[in-house]
Amino acid sequence: MAKTELPDLEKEIVIRNITQDDVEEVAELSINSFGPDISFKQEHFKSQVDIFPEGQLCVEYKGKIVGSCSSLILNYVEYLDKNNYKVLCDNGYIRNHRPDGINLYGVEVSVHPDYRSLKLGRKLYNARKKICQDFNLKSIILGGRIPYFYKYADQMSAQEYVQKVADKEIYDPVLTFQINNGFQLKDVIPNYLEGDDASLYYATWMEWYNKDYKS
């Protein structure tokens with residue numbers, strides 16, 4: 001994919017594929033977004049670009065990388081009994097990428113905290129949907145964090161929490177965002193992401209369906 005300036009973006013914003021030359025900057029962005037404990041390192045991003053370069057995107061704003069997202073292709077049905085982040089993305093190395101799969105699995109989306117007012121997350125989600133369409137994949141699968149769950153964990157279960165977020169009774173910055181971007185809530189996953197204390201290690205199985213998919 002060549003550098004592409006999407007029509008609705010400010011002139012300074014460009015979404016393009018990550019290259020090996022970007023890996024150091026993208027790794028720094030990951031640390032700024034998630035902290036050192038759960039962020040990917042340079043070796044992860046190098047492997048992702050090597051294996052599935054079309055699925056790794058970044059956002060440049062005035063020449064600086066301020067957002068990124070990574071993904072791989074798999075058959076999600078093969079992971080239903082081992083629905084764990086490290087397993088699904090091969091601990092960040094995506095060596096389990098299957099070009100003949102039918103699902104795009106969203107590994108990570110990161111946006112620098114200083115640039116979140118630019119709605120870069122939505123732009124990256126839209127770009128990822130285009131990847132799904134371009135590769136004629138059935139859907140995008142996400143394991144979504146629920147980072148505000150810790151505030152309510154003494155009042156309700158994770159299942160009750162995500163339902164209340166889906167019903168717009170509670171706001172969660174990740175789950176609310178994903179629902180607003182057309183993803184459907186399928187289930188709640190326990191023990192999904194090690195180190196995600198705010199979500200109490202729970203995640204949501206979210207899915208966006210490609211209406212143009214041809215089997």
Side-chain angles (χ1 to χ4, degrees), residues 1-73 85 89-95 97 99 104-135 137 140-145 147 173-178 180-183 193 195-196 198 206 208 210:
M1 184 189 300
K3 279 193 177 183
T4 303
E5 196 170 280
L6 302 181
D8 60 331
L9 301 185
E10 299 85 352
K11 289 184 179 180
E12 296 90 347
I13 295 177
V14 176
I15 296 181
R16 62 170 176 83
N17 287 107
I18 297 170
T19 70
Q20 292 293 356
D21 291 339
D22 301 317
V23 162
E24 182 177 356
E25 191 173 359
V26 172
E28 290 176 2
L29 171 67
S30 183
I31 292 174
N32 283 329
S33 299
F34 302 112
D37 294 334
I38 63 174
S39 60
F40 287 146
K41 307 301 184 285
Q42 290 188 41
E43 59 264 28
H44 299 114
F45 294 110
K46 287 179 180 177
S47 181
Q48 292 168 14
V49 172
D50 275 341
I51 292 171
F52 184 35
E54 299 91 342
Q56 322 312 321
L57 302 173
C58 66
V59 181
E60 281 187 345
Y61 180 68
K62 298 183 177 179
K64 177 180 179 180
I65 293 177
V66 296
S68 72
C69 70
S70 51
S71 58
L72 70 144
I73 298 172
Y85 183 69
C89 71
D90 181 34
N91 201 23
Y93 292 98
I94 73 164
R95 291 165 296 199
H97 171 69
L104 188 72
Y105 175 68
V107 177
E108 176 181 281
V109 172
S110 61
V111 175
H112 193 287
D114 293 343
Y115 295 87
R116 289 178 181 164
S117 62
L118 298 176
K119 302 186 184 301
L120 300 184
R122 181 179 296 274
K123 295 170 175 56
L124 286 166
Y125 267 54
N126 288 339
R128 188 183 268 163
K129 289 174 184 177
K130 189 173 187 306
I131 295 172
C132 183
Q133 293 165 333
D134 288 347
F135 280 82
L137 302 175
I140 301 173
I141 303 286
L142 300 176
R145 299 177 61 238
V174 175
L175 179 53
T176 299
F177 172 78
Q178 291 170 342
N180 289 343
N181 277 272
F183 282 79
L193 176 59
D196 185 8
M206 307 295 291
W208 177 85
N210 175 14

So, the side chain of [X] versus the backbone of [Y]: is there a donor-acceptor pair under 3.5 Å, distance only?
X: S70; Y: Q56; answer: no
X: Y85; Y: V107; answer: yes
X: H97; Y: I94; answer: no
X: S33; Y: S110; answer: no
X: R122; Y: N181; answer: no
X: E25; Y: I65; answer: yes

Query - Residue pair I18, S68: steps toward the side chain to side chain contact (heavy atoms under 4.5 Å, CB included) verdict - result: CA-CA 8 Å; I18 297 170; S68 72; 4.2 Å; yes

Between [X] and [Y], is any pair of side-chain heavy atoms under 4.5 Å apart?
X: E60; Y: K64; value: no
X: E54; Y: I131; value: no
X: L175; Y: M206; value: yes
X: L142; Y: R128; value: yes
X: V59; Y: V14; value: no
X: F40; Y: C89; value: yes
X: L120; Y: V66; value: yes
X: F135; Y: L104; value: no

Query raised in the report: Taking everything shown except K41 itself, do over 12 heavy atoms lie less than 6.0 Å from its NZ?
Result: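 Atom NZ in K41 is crowded, with more than 12 foreign heavy atoms closer than 6.0 Å.
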
**Report entry** Residues D22 and R16 bridged, charged N to O under 4.0 Å
**Finding:**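 Judged by the 4.0 Å cut-off on N to carboxylate O distance, D22 and R16 do form a salt bridge.
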
Report task. List for me each residue that meets side-chain contact (heavy atoms from CB on, under 4.5 Å) alongside D50, sequence neighbours excluded, and say none if there are none. Result ->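 Partners of D50 by the side-chain contact (heavy atoms from CB on, under 4.5 Å) criterion, ordered by chain and then number, come out as Q20.
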
Query - Set of residues satisfying side-chain contact (heavy atoms from CB on, under 4.5 Å) with respect to N210, sequence neighbours excluded - result: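 Scan of N210 (side-chain contact (heavy atoms from CB on, under 4.5 Å), adjacent residues dropped) gives C132, Q133, W208, D212, Y213.
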
Query raised in the report: What residues, two or more places apart in sequence or in another chain, satisfy salt bridge (charged side-chain N to carboxylate O under 4.0 Å, His left out) together with R95?
Result: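 If we apply the salt bridge (charged side-chain N to carboxylate O under 4.0 Å, His left out) test to R95, skipping adjacent residues, the hits are D90.
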
Residue pair [X] / [Y]: nearest heavy atoms and the distance that separates them:
X: C69; Y: V109; result: CB-CG2, 3.7 Å
X: A27; Y: F45; result: CA-CE1, 3.6 Å
X: F52; Y: I73; result: CZ-CD1, 3.9 Å
X: P147; Y: P173; result: CG-CG, 3.8 Å
X: N17; Y: P53; result: ND2-O, 2.9 Å
X: S39; Y: S30; result: CB-OG, 3.2 Å

Query raised in the report: Going by the angle between their ring planes, with limits at 30° and 60°, are H112 and Y115 parallel, tilted or perpendicular?
Result: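 Taking Y115 first and then H112, their aromatic rings stand perpendicular (interplane angle over 60°).
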
Requested in this report: First locate atom CG of N126, then atom CG of L124, and finally report the distance between them rounded to the nearest 0.5 Å.
Outcome: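 Those atoms lie 9.0 Å apart.
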
Query raised in the report: At what distance, to the nearest 0.5 angstrom, does CG of L29 lie from CZ of F34?
Result: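 Nearest 0.5 Å value for the CG-CZ distance: 8.0 Å.
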
Query raised in the report: Is the F183 to F177 ring centre distance short of 6.0 Å?
Result: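 No - the distance between ring centres of F183 and F177 does not fall below the 6.0 Å cut-off.
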
